[in-house]
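Okay, structure first, notes after.
Order of the sequence lines fixes the chain letters, A, B, ..., with proteins taken first and strands second; residue numbering starts at 1 for each chain. Source: prediction; values computed, not measured.
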Amino acid sequence: MLDIRRIRTEPDAVKAALAKRGESAEKIDQLLQIDVDRRKLTTEVESLKAEQNRLGPEIAKKKRAGEDASELLARSTELKAAIAQREERQRELNEAQETQLAKLPNLPDDAVPAGGEEAAQVIRPESRPLREFDFEPKAHWDLGASLGLFDPERGARLAGSGFIVYTGIGARLERALIQFMLDLHTEKHGYTEIGLPFVLSRESITASGHIVKFGPEMYRDDEADLFFVPTAEPALVNLHRGEILEPGVLPLKYVAYTPCWRREAGAAGKDTRGLQRVHQFDKVEIFRYALPETSGDALEEMTAEACAVLDALELPYRLLLLAAGDIAFAAAKTVDVEVWSPGVNKWLEVSSASNCTDFQARRADIRFRREPGAKPEFPHLLNASGTALPRVVAALLETHQNADGTVTVPAALRPYLGGVERLGEGGAG
RNA sequence: GGAGAGGUCGCAUAGUGGUCUAGUGCGCCCGCCUCGAAAGCGGGUAACGGUGCAAGCCGUUCGUGGGUUCAAAUCCCACCCUCUCCGCCA
């Protein structure tokens, strides 16, 4: 949610920033007109209410004294009608403003290029040399089948196409990666681990703005009106919904593992083979509530923290600065981390790090005080995957595969796999 | 899921239609007193919105949303949450 006061005081800057995302200036002008009308009416309604409030005690006084209060009662009745009439219009204007405002995305950061997907900038090329194979590298779905790690066919039997069953060491690999990432972020990067509900109420999913962003993408329980989390992000936003954080508590740094459910409607057949795009996947999410002046640095740190996972797994990746038209609704700046998948022969997105500035905080009514008694301000909220699992698994299998069909486990992960050094060897499957 | 009790200012409580501008205690802040502190005394102690150069003024908020009334913390309806007991259950 943008600040209406900012739109009011610097409309041209707001228009220019939104133009980068392809939003028209017309919306801003409409909004400003509503705002003018709304405030005028608000002043009117409030002065009528003030008069009515003054009348109350006077009526009571007369009645107690046994005097005739009928004149005051008549005036009060008149005011009641006048207020009711204007309040209806006021409610309409409030709703209109709310609706319009809720439709406007966050203002992109100055550093963010204009344009869509094609305008993304590679801000860091491959982090390490891409592996040269002296044999034809297999795709992860073939490795998964031959090593008995995961089973899309049985997943489809259980829940439909796009659901995966992990088996044996494959299931353990998944669990190992989750634990490895959680440990890395809590022990090395100073995050506090949070165990979250995997479903959210309508209220929560609305406050975070995800009902707009994901809407029909989410699986849901209509009877209970609950939504399966499409990512841990909305849950972590709602953790402090409606709170005023006391001085000294910022920055808050949270890490959480959740499964993520996405219907991926309309994506069928496109880049979906194997683990590239599935309806349920595991993800470790890192999240910060930051002081506004530090959020730029925080985004860089979080991007680096996501990369640290890939470095430890000895996987090459690159960083993309997304263009304004391609970043999430609530984000001001987004950096994607893409890992190289030699079997699929593509860069696969495994993390998306976003600075949402005060946009989510305003919407979810999360504030903080710098000093005791200081005026509440909105913190900046940032999220990053740290990281999403299936594509990491894909890249890991493909990158570290050997000519004999086994896969070498990166050293950092071995302690989590009971010391196993190679998948597919010595009964490890 | 059933029955009952409850949700009021940071915390604890009072408040059953107009005198509530929500009282009191605790906590916290400021001042007085003191060499300093404690105690004591005095004052202060929210958020959001509107308006104003500002001081301020006005409005809204007593779990949430509706309703009754000239007037609602107070009456009515629905919902949410907490606690106790019962049922069910990994």
Separation of rU69(B) atom P from Lys49(A) atom NZ, nearest Å, is 17 Å
Side-chain N or O of Arg54(A) less than 4.0 angstrom from OP1 or OP2 on rC57(B)? no
Whole-Å distance, Leu79(A) CG to rU69(B) C1', equals 15 Å
- Any side-chain N or O of Lys80(A) less than 4.0 Å from the OP1 or OP2 oxygen of rA71(B)? yes
Among the nucleotides rG18(B), rA47(B), rU60(B), whichever has the atom closest to the side chain of Lys63(A) is rG18(B)
From the candidates rC58(B), rA47(B), rA71(B), the one with an atom nearest any side-chain atom of Gln52(A) is rA71(B)
Taking a pair to mean Watson-Crick or G-U wobble geometry with both distances below 3.5 Å, rA73(B) pairs with none
Here the distance between atom P of rC48(B) and atom CD of Glu377(A), to the nearest Å, is 11 Å
Exceeds 12 heavy-atom contacts within 6.0 angstrom, atom CD of Glu98(A): no
* Asked: Is there a donor-acceptor pair under 3.5 Å between the side chain of Glu217(A) and the backbone N or O of Glu264(A)?
  -> yes
With the side chain defined as heavy atoms from C-beta on, Arg5(A) is closest, among rU60(B), rG18(B), rG49(B), to rG49(B)
Residues at least two apart in sequence or cross-chain that pass ring pair (Phe, Tyr, Trp, His ring centres under 6.0 Å) with Phe163(A), listed by chain then number, are His279(A)
Using 4.0 Å as the upper bound for N to carboxylate O, is an ion pair formed by Arg75(A) and Glu51(A)? yes
Separation of rU60(B) atom P from Arg91(A) atom CZ, nearest Å, is 15 Å
Scanning all shown strands, the Watson-Crick or wobble mate of rC11(B) with both distances under 3.5 Å is rG25(B)
Whichever of Glu46(A) and Lys61(A) has the more 5' nearest nucleotide on RNA chain B, that residue is Lys61(A)
Re rU60(B): Watson-Crick or G-U wobble partner, both distances kept under 3.5 Å, found to be rA47(B)
Q) Which is true for Arg367(A) with a 4.0 Å heavy-atom rule: it touches a base, it touches only sugar-phosphate, or it touches nothing? A) sugar-phosphate
Any carboxylate oxygen within less than 4.0 angstrom of a Lys/Arg side-chain nitrogen, looking at Arg367(A) and Asp365(A)?
yes
Next item on the list: Classify the nucleic acid contact of Arg8(A) as base, sugar-phosphate or nothing, counting any heavy atom under 4.0 Å across all strands shown.
Entry: sugar-phosphate
Any donor-acceptor pair under 3.5 Å from Thr186(A) side chain to Asp183(A) backbone | yes
Passes ring-ring contact (aromatic ring centres under 6.0 Å, His included), Phe378(A) versus Phe359(A)? Steps please. CA-CA 9 Å; Phe378(A) 292 104; Phe359(A) 191 87; over 10 Å; no
Here the residues of residues 38-45 of chain A within 4.0 Å heavy-atom distance, strictly under, of RNA chain B are Arg38(A), Arg39(A), Thr43(A)
Are Asn53(A) and rU60(B) close enough that a side-chain N or O sits under 4.0 Å from OP1 or OP2?
yes
